[in-house]
Q: 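Sharing a structure here in structure tokens format.
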Amino acid sequence: MRTNAKEIANEFDAIVVGSGFAGLYMLYRLRELGLRSRVFERGHDVGGTWYWNRYPGARCDIESFDYQYSFSEELLKDWVWTERYASQPEILAYLSHVADRFELRSDIQFGTTVRSMVWLEEAAHWIVKTDDGSTSTARFCIMAVGNLSLIKRPDFEGLGDFQGEWYHTGMWPEEGVDFSGKRVGIIGTGSTGIQALPLIAEEAAQVLVFQRTPNYSMPARNRPIAQDERQEVMAHFRERRRLCEESEAGTPMPAPTAAATEASEEEIRSRYETGWQRGGISSLSYAFSDFFTSEEANKTAQEFARSKIREVVKNPEVAEALSPEHHIGTKRTAVDTNYFQSYNRDNVTLVDLRRTAFERVIADGIRTSGGSYQLDVIVFAIGFDAMTGALLDIDITGRAGSTLREVWQEGPVTYLGLVTAGFPNLFLVTGPGSPGVLSNMVLSIEQHVQFIASLVDHMQLEDLEVVDTSEDAEAGWVAYVNELADQTLYPKASSWYLGANIPGKPRVFMPYVGGCGRYRRECDEVVSNDYRGFFFGANAGADTPEGRA
Ligand code: NA7
């Protein structure tokens, strides 16, 4: 496809899409390399997922000390986290501080959605069109669009008739929502619904939770960070970060060695209880090494988690309805403060959609097969078209007119979760096939951005204009990612990791389950083997990877 040169208003070396954790750091590194860069951001400020998800209770489930950048000593010194798990406003304030501190905003165009990207072979650059009608070009494009950024649309029958207010948690209004005195319906009991319920219940007159599938949730045991704790942690920060980098999930927890299948009942109970008192997402999963691989081992943790629900929820029928059955950890485990406790409140009612089917939204509420519920507000906590949604929402056309939508029709294919064949000079930050969503995102983002920046630097030094991967390299990677996943229980659950939450989406297990440490070592090996699996072209259009795998 050709574009009239007159239409091109803005020429850049690099375009970054998104200004969350990934986009901000990418811009910082591109500037260091001396590249003229532009970030396009849909939101009106920085923050990415933390900009949009302002619902009550939104909070990180990775400890604040680990959920921060590590690239700048000065930044580490001048930011003080106040809680063990940072709230959405605090994370947003942090990202805003990062943008100010490094004067990043001048290269970010806010309120701008990228509509299409086309690779022009002859010029060896991307042509990027945005919804303000302008066209830009760039040699490199970096997709920092986030894994949980395209919301699952609430296409519930009858929603257009609803006379009350409704909100999706992933597009929460900046001014907040006043629930006082209102009857509120929450649809969805993933991490988001689980975080939101306790706060909404404190404010609203009545809350009805419409639950399709119960979910496991671990106690956060959130607390303020005392000054001496901060000093102690930050004094050893580099060591802690190194542990994170070598770990599976990007946290400093030591990997478990004991197997539940070889442990006594007392030991099992005691380890789970210790984890439960510690709190956090890995409360149970870090007790035993076979948690994610053995059905028998996993069952012991499921039973423990269900016993905790029964201990907390006073009404046994409600406790039963809230008890999940899937393999624990195979759908994202939530982390909560007072979620199950909320069901003991007089103003909270569980509507179990497995017993009474959802029929439609009506003018004054929701109708199920068991009756109608009157509501003033509906909160949709129904999740995202995760991992591929935001990428495929943009018309991306690579070599020989191939579109990303066509190439990924049967599921995403990438090499290292970073690049996809036929889309030269296009990088994905924490794309499908990387550990991203199964890990501490900020840690994975830093590693990806550093990888991409080093690759771009290498190309500049070697005078290479184009980089691509081969279909063979990515087929090998995809097979490897699947092979790793198949050794675990992950693919058994109907999760968003598998695309199962979006009707019609191909069911392919997308994340790399091998862990951050292993993935990092594999990436380092690729680099030390002359960027094995990547192919470079010295001149525009002169070199393509076909037949060279
Ligand atoms: P999730 O984890 O995808 O959860 C969405 C919830 O919404 C889940 O309980 C779904 O039930 C429910 N849902 C979705 N569609 C419907 C319909 N049509 N009817 C009833 N219920 C529905 O999204 P979250 O926002 O909670 O969390 C996303 C990630 O953000 C999380 O994993 C963390 O990584 C941070 P289902 O299970 O599909 O039956």
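Throughout, numbering of the chain's residues begins at 1 and tracks the sequence. Both counts, for ligands and for their atoms, begin at 1 and track the order of listing.
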Q: For atom 4 (O) of ligand 1, which protein heavy atom lies nearest, and how many Å away is it?
A: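 Among all protein heavy atoms, the one nearest atom 4 (O) of ligand 1 is Gly190 CA, 3.5 Å.
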Q: So which heavy atom in the protein is nearest atom 36 (P) of ligand 1, and how far is it from that ligand atom?
A: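 Here the closest protein heavy atom is Thr213 OG1, 3.4 Å.
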Q: Please write down residue, atom name and distance for the protein heavy atom closest to atom 25 (O) of ligand 1.
A: Thr192 OG1, 2.6 Å
Q: Decide, yes or no, whether a salt bridge links Arg59 with Glu83 under the criterion of side-chain N to carboxylate O below 4.0 Å.
A: yes
Q: Go through it in stages, so that I can follow the logic: the residues are Lys331 and Ser494, the test is side chain to side chain donor-acceptor pair (under 3.5 Å), and I'd like the CA-CA distance, side-chain angles, deciding distance and then a yes or no.
A: CA-CA 7 Å; Lys331 290 176 95 169; Ser494 293; over 6 Å; no
Q: Is Phe210 touching ligand 1 with its side chain, its backbone, both, or neither, if touching means heavy atoms under 4.0 Å apart?
A: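 Phe210 to ligand 1: no contact under 4.0 Å from either part.
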Q: Using a 4.0 Å heavy-atom cut-off, say whether Gln211 meets ligand 1 through its side chain, its backbone, both or neither.
A: neither
Q: Is the shortest distance from a Lys or Arg side-chain nitrogen in Glu246 or Arg520 to a carboxylate oxygen in the other one below 4.0 Å?
A: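 No.
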Q: Between Asp395 and Arg115, is the closest basic N to carboxylate O distance under 4.0 Å?
A: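 Answer for the salt bridge query: no.
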Q: Look at atom 17 (C) of ligand 1 and say which protein heavy atom is nearest, naming residue and atom and giving the distance to 0.1 Å.
A: Arg212 NH1, 3.4 Å
Q: Answer side chain, backbone, both or neither: which part of Ala381 comes under 4.0 Å from ligand 1, heavy atoms only.
A: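 The answer is the backbone of Ala381.
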Q: Using a plain distance cutoff, I'd like to know if Leu148 has any nitrogen or oxygen under 3.5 Å from a nitrogen or oxygen of ligand 1.
A: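 In this structure, Leu148 places no N or O atom under 3.5 Å from an N or O of ligand 1.
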Q: So which bit of Ile187 gets within less than 4.0 Å of ligand 1, heavy atoms only: side chain, backbone, both or neither?
A: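 Only the side chain of Ile187 comes within reach of ligand 1.
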Q: Taking atom types as modelled, is there a side-chain donor on Asn222 or Thr337 under 3.5 Å from an acceptor on the other?
A: no
Q: Nearest protein heavy atom to atom 15 (N) of ligand 1, by residue and atom, and its distance?
A: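 Result for atom 15 (N) of ligand 1: Lys152 NZ, 3.0 Å.
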Q: What part of Thr189, side chain, backbone, both or neither, has a heavy atom within less than 4.0 angstrom of ligand 1?
A: both
Q: Measure the distance from atom 12 (C) of ligand 1 to every protein heavy atom, then report the residue, atom name and distance (to 0.1 Å) of the closest one.
A: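 Result: Gly188 CA, 3.6 Å.
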Q: Are any of the side-chain nitrogens in Glu203 or Lys182 under 4.0 Å away from the carboxylate oxygens of its partner?
A: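 No, Glu203 and Lys182 are not salt-bridged.
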Q: Please classify the Phe156 to ligand 1 contact at 4.0 Å (heavy-atom distances, strictly less than): side chain, backbone, both or neither.
A: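 The part of Phe156 near ligand 1 is the side chain, not the backbone.
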